[in-house]
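Take a look at the structure set out below.
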There are 2 protein chains.
Amino acid sequence: MNAPVLANVKCSECPIRHRAVCSRCDTDELAVLEQIKIYRNFKAGDQVFWRGEPMDYVASIVSGVATLGKTLEDGRTQMVGLLLPSDFIGRPGRSKVEFDVTAVTDVTLCCFERQPFERLLVATPRIAQRLVEIALDELDAARDWMLLLGRKTAREKIATFIDMLVQRNSVDHGITPALALALPLTREEIANYLGLTLETVSRHLSALKSEGVLNFSDRRNFVVTDLEALRAISGDESDDCL
Amino acid sequence: MNAPVLANVKCSECPIRHRAVCSRCDTDELAVLEQIKIYRNFKAGDQVFWRGEPMDYVASIVSGVATLGKTLEDGRTQMVGLLLPSDFIGRPGRSKVEFDVTAVTDVTLCCFERQPFERLLVATPRIAQRLVEIALDELDAARDWMLLLGRKTAREKIATFIDMLVQRNSVDHGITPALALALPLTREEIANYLGLTLETVSRHLSALKSEGVLNFSDRRNFVVTDLEALRAISGDESDDCL
DNA sequence: CGATACCTTGACCACTTTCAACGTCCGTGG
DNA sequence: CCACGGACGTTGAAAGTGGTCAAGGTATCG
């Protein structure tokens, strides 16, 4: 919470201007947000929120990657969300977080104090509407993940995970799927996301590598060498076409 | 979709009046809803929506139990939600469902056509606000379930499941936890909810019974005989007190 | 260059699944 | 009213997947 407060970028030049909670706002509405926003920076590994802690501000991720995690008494943890730029943290009407929010890489947040933000929600339907959309998107994602956690094998989980990274990368980089991925998560973090152990993750990644489905030397940088095979392995409906 | 259309109950006498999406409405707003709502009935086992199908209405559950389910190509299925009276089906701005909705018992729905309902949302902030709350509650529930699916053992899953039923029963019946539960799900449906097989569910229920934690003779009616033990087994934070 | 954190691989073990048989409940029809 | 059939549930034995424990390897940062 003692994260350094950076000079704000102007909303009109903000990299997430057209995707975040403010995406539907007109110039006037943006001016209001501009006045109450504060940038905060976190370093890789910093805790952004602690579970059960009062949450006095809400935020959008401007850059970096953060995770939502839940932990059992004995230390078993499960990641319940992966936050990427333009994702939103916090919910109106709730003062407490139900999970830990952790910065995986260095992270910049665009923060609004909770109460002024809630007042703004009432006055600015466009923000409220966008927030509903965001919540419903998260809900869909959570449910897909439930299917993965409950019913997929380790191999399928890992293939699905990589495929998901490819897909979201495509959104950023245009139509052609960018098959080179920079993956900021450790094996253990991947395991916590997939409901596996780090050893199992390592084993199956090695297997996929030796099968020629993907490649990596460095531990951060992956290249998908056979996207079709990857998708076949992931176990999702093959032709869920439109 | 060809469910019989029943005579509507008046909103003012509706059993879910104070919990559903309409709970914040005043008399005037209720009158508007009253005009566009239609009751539909489904029999146990009926499919309410099919995955991928256009969803031309949204609805609240008036009575009965329904499930949200996702299925992999090879037939593995995972339940991603359990819908009880006052729960809401559908989302504004989405025309397609991403999962199957199935009636587990006989179900009565209070339906609104999607487009008029969406117009109403814009005009009636109280409904929109309540809908955001509902979506965020579902999101929290989904994330708790992700922890369960990803990290809990079969035994813990089942204890958590029973405990959840006790808790939601208490909400209906007052402060004293009602320890007798009518459970309308088969072993297989429980298994699909918990990411297990029906045999594993059966085995662990038997184990809990022989340990004196719960009791059942009939397959529908459970009695929790040792709530404290049940909670200890469920693996959640023991004292997550305020 | 060394320390530390991260990753890989192997051997073994435990839990859940799978396969199978049998039992019980309940509705239907003889 | 009882007999049958089908759906649902229980229990056992065997198999398999992923977890655990352990050792050694590799990147990365001071």
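Protein chains get the first letters and strands the later ones, always in sequence-line order, with residue 1 at the start of each. The basis for the numbers below is simple: all heavy atoms, side chains too, and nothing from hydrogens, waters or symmetry mates.
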What's A:Ser202 touching, base or sugar-phosphate or nothing? Going by heavy atoms closer than 4.0 Å. base
Just jot down the side chain to side chain contact (heavy atoms under 4.5 Å, CB included) partners of A:Ala141, sequence neighbours excluded, or say none. none
Nucleotide by nucleotide, nucleotides 12-27 of chain C touches protein heavy atoms under 4.0 Å in the pattern (B base, S sugar-phosphate only, - none) ----SBBB--------
To the nearest Å, give me how far apart CG (B:Leu198) and C1' (D:dC8) are. 9 Å
I need the CZ-P distance between B:Arg220 and D:dC8, as an integer number of Å. 9 Å
Rounded distance (Å) that lies between atom P of D:dG19 and atom CZ of A:Arg187: 16 Å
Are A:Phe161 and A:Tyr193 an aromatic pair, judged by ring center distance below 6.0 Å? yes
Does A:Glu188, at its CD atom, have more than 12 non-hydrogen atoms belonging to other residues, nucleotides or ligands within less than 6.0 Å? no
Check: B:Gln78 side chain, B:Asn192 main-chain N or O, donor-acceptor pair, under 3.5 Å: yes
Return the value, rounded to whole Å, for the distance between atom CD of A:Glu188 and atom P of D:dA27. 20 Å
Separation of B:Ile190 atom CD1 from D:dG9 atom C1', in whole Å? 11 Å
Nearest-angstrom distance from the residue atom CG of A:Leu205 to C1' of C:dT9: 14 Å
N-O pairing of A:Asp87 and A:Arg19 below 4.0 Å: no
So does A:Asp56 pair up with A:Arg114, basic N to acidic O under 4.0 Å? no
Without decimals, in angstroms, what is the distance between A:Gln78 CD and D:dG19 P? 11 Å
